[in-house]
Amino acid sequence: MPDIKVTPLGAGQDVGRSCILVSVGGKNIMLDCGMHMGYNDDRRFPDFSYITQNGRLTDFLDCVIISHFHLDHCGALPYMSEMVGYDGPIYMTHPTKAICPILLEDFRKITVDKKGETNFFTSQMIKDSQELCILLETFWYRMNLKAPIYFSTGLTEKANHYYKLFITWTNQKIRKTFVQRNMFEFKHIKAFDRSYADNPGPMVVFATPGMLHAGQSLQIFKKWAGNEKNMVIMPGYCVQGTVGHKILNGQKKLEMEGRATLEVKLQVEYMSFSAHADAKGIMLVSPEQALKELGLSEHQLRFTCRVHLQDPHSDSDTLSRIYSHLKSVLKGYAVQHLPDGTVMVESIVLKVSSSGEDPNLKVILLSWSYQVNENKVFLFILLLFIYFEVKGQVKSPTRHEAIPTLTLI
């Protein structure tokens, strides 16, 4: 097996500018190409100089793979391709390919216009906003609450559009619900206008970006920060250098643009809805609970082996005779002949097929989970050999045939 070299070009010791260079078998593959939201200098982008200080990255990289559309995983793509120089293949899923250009273009706008865009559309909205909306929509309905909930204009429409378009990429629970009703159509959540920030009375506003480093969220924060009756809830991780990170660490005076000082009197709370879970967050969730929440079934590691036997009968007849034999011999085991053309002995699955070159050569595929004792499996194989040999219809398997090769699937 060739040596594998893994080199972090970013995000080696912090969250942001995720970029991993993997070298294996003479190939160089870049996993993600993100940006750091907390810096405006060279630290914003991965350290591409490690790969080359002269020349284009195309000459050194075989491909780039983007895991998902969060800016800390894809935000440096324009810089890498246009400034550093890369025109090689870039691979990503269909949802990421559709959403990534929108995020990059909106970030370009927010960079050009330092005042921020009302409709600044970030990757965090796609996942977190929908989850938060569903939770509040349900709670408002059950408690019959009247306080208005507002969201950035255009956000709900854009996010819902992509959820509808890529519904097959969501978990099983969402897909089943989507057949009956659109769970992303909210009755209690309305579009936000910046003039609403001055309205009297209580309200809830979903504003982005979540780290308070620009855009509408920062504008509203400045307006509400001086009133101790107000509250800001940070729904996820904030990278160092952002306003969100500063207030989460208790900073009460912030230096804003033009060296103006903003005094923070409002309450600051943290409620994790971040896509980046820390060790505590990961360890608190059991595998069973995580699979249930995602609507997934557990994937079991299974081993397989193939046994070759000479038998002139049809595949179905061979399988039926094997089933009858095992049923009579293995009295204490659950032996089933399933409609899908397989025989199952507890968790051991058996299937028969003919070889393409010799129709009399039967290939018996056995599959079992890693929890099964291998001695049981080989005892099972031995019973098959004995059965066919006693019938006198086949010759005894060779020593090579009697020792199947085990492979992972």
Side-chain angles (χ1 to χ4, degrees), residues 9-11 15-20 29-40 44-46 48 56-58 61-131 133 151-170 184 191 206-211 213-218 236 239 242 274-276:
L9 304 181
V15 176
R17 62 172 188 170
S18 178
C19 186
I20 308 297
I29 302 169
M30 180 179 289
L31 305 178
D32 284 337
C33 186
M35 64 186 303
H36 199 297
M37 306 300 291
Y39 298 115
N40 291 314
R44 167 164 285 190
F45 302 114
F48 298 117
R56 296 169 57 83
L57 291 177
T58 309
L61 290 177
D62 293 281
C63 72
V64 177
I65 301 175
I66 303 298
S67 61
H68 61 289
F69 50 75
H70 284 184
L71 289 176
D72 57 334
H73 291 262
C74 71
L77 279 176
Y79 177 80
M80 182 185 74
S81 61
E82 304 306 315
M83 302 301 293
V84 182
Y86 178 76
D87 56 7
I90 301 174
Y91 300 104
M92 58 188 75
T93 63
H94 290 295
T96 297
K97 183 180 179 182
I99 299 171
C100 198
I102 297 175
L103 302 179
L104 294 174
E105 172 61 17
D106 281 337
F107 187 79
R108 183 193 66 80
K109 291 179 181 178
I110 201 70
T111 303
V112 173
D113 184 0
K114 295 300 181 179
K115 296 180 181 179
E117 293 285 338
T118 300
N119 296 335
F120 180 54
F121 188 58
T122 68
S123 54
Q124 197 72 2
M125 298 180 196
I126 295 290
K127 183 259 184 188
D128 295 347
S129 63
Q130 297 302 306
E131 186 176 359
C133 277
F151 221 137
S152 302
T153 305
L155 170 62
T156 303
E157 291 80 4
K158 286 184 178 181
N160 286 349
H161 170 73
Y162 286 111
Y163 266 82
K164 293 174 184 177
L165 184 62
F166 298 112
I167 192 67
T168 56
W169 291 75
T170 60
F184 304 113
F206 285 94
T208 56
M211 299 184 191
H213 57 276
Q216 185 168 270
S217 62
L218 183 58
V239 300
T242 61
S274 174
H276 302 101

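When a residue number appears, it is its place in the shown sequence, counting from 1. Computed from a predicted model, the values in this text were never measured in an experiment. The basis for the numbers below is simple: all heavy atoms, side chains too, and nothing from hydrogens, waters or symmetry mates.
Residues that satisfy the side-chain contact (heavy atoms from CB on, under 4.5 Å) test with Ala11, not counting sequence neighbours, are Ser18. Residues satisfying the side-chain contact (heavy atoms from CB on, under 4.5 Å) test with Pro89, not counting sequence neighbours, are Cys63, Tyr86, Tyr91. Residues satisfying the side-chain hydrogen bond (donor to acceptor under 3.5 Å, both in side chains) test with Ser81, not counting sequence neighbours, are none. Every residue meeting the side-chain contact (heavy atoms from CB on, under 4.5 Å) condition with Leu9, not counting sequence neighbours, appears here in chain and number order: Thr7, Cys19, Leu21, Met30, Pro46, Tyr50, Ile51.
Taking CZ from Phe206 and CD from Gln216, the interatomic distance works out to 13.0 Å, rounded to the nearest 0.5 Å. Distance check: Leu77 CG to Ile66 CD1 gives 4.5 Å after rounding to the nearest 0.5 Å.
In terms of heavy-atom proximity, His68 sits nearest to Thr96 at CA-OG1, 3.6 Å. Scanning all heavy atoms of the two residues, the minimum distance from Pro78 to Cys74 falls at CD-O, 4.3 Å. Between Arg17 and Phe45, the shortest heavy-atom contact is NH1-O, 2.9 Å. Closest heavy-atom contact between Phe69 and Pro95: CD2-O, 4.5 Å. Thr242 approaches Met211 most closely through the heavy-atom pair CB-O, 3.5 Å.
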Donor-acceptor list for residues 31-39 side chains, cut-off 3.5 Å, not counting sequence neighbours:
{"residue": "Asp32", "atom": "OD1", "partner": "Ser67", "partner atom": "N", "Å": "2.7"}
{"residue": "Asp32", "atom": "OD1", "partner": "Ser67", "partner atom": "OG", "Å": "3.0"}
{"residue": "Asp32", "atom": "OD2", "partner": "Ser67", "partner atom": "OG", "Å": "2.9"}
{"residue": "Asp32", "atom": "OD2", "partner": "His73", "partner atom": "ND1", "Å": "2.7"}
{"residue": "His36", "atom": "ND1", "partner": "Gly38", "partner atom": "N", "Å": "3.0"}
{"residue": "His36", "atom": "NE2", "partner": "Asp14", "partner atom": "OD2", "Å": "3.3"}

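Taking the side chain as every heavy atom from C-beta outward, Leu71 and Leu104 approach each other to under 4.5 Å.
Pairs of residues two or more places apart, or lying in two chains, never qualify as salt bridge (charged side-chain N to carboxylate O under 4.0 Å, His left out) while including a residue from residues 89-102. Every pair passing salt bridge (charged side-chain N to carboxylate O under 4.0 Å, His left out) that includes a residue from residues 78-88 is listed here, sequence neighbours excluded: Arg56-Asp87.
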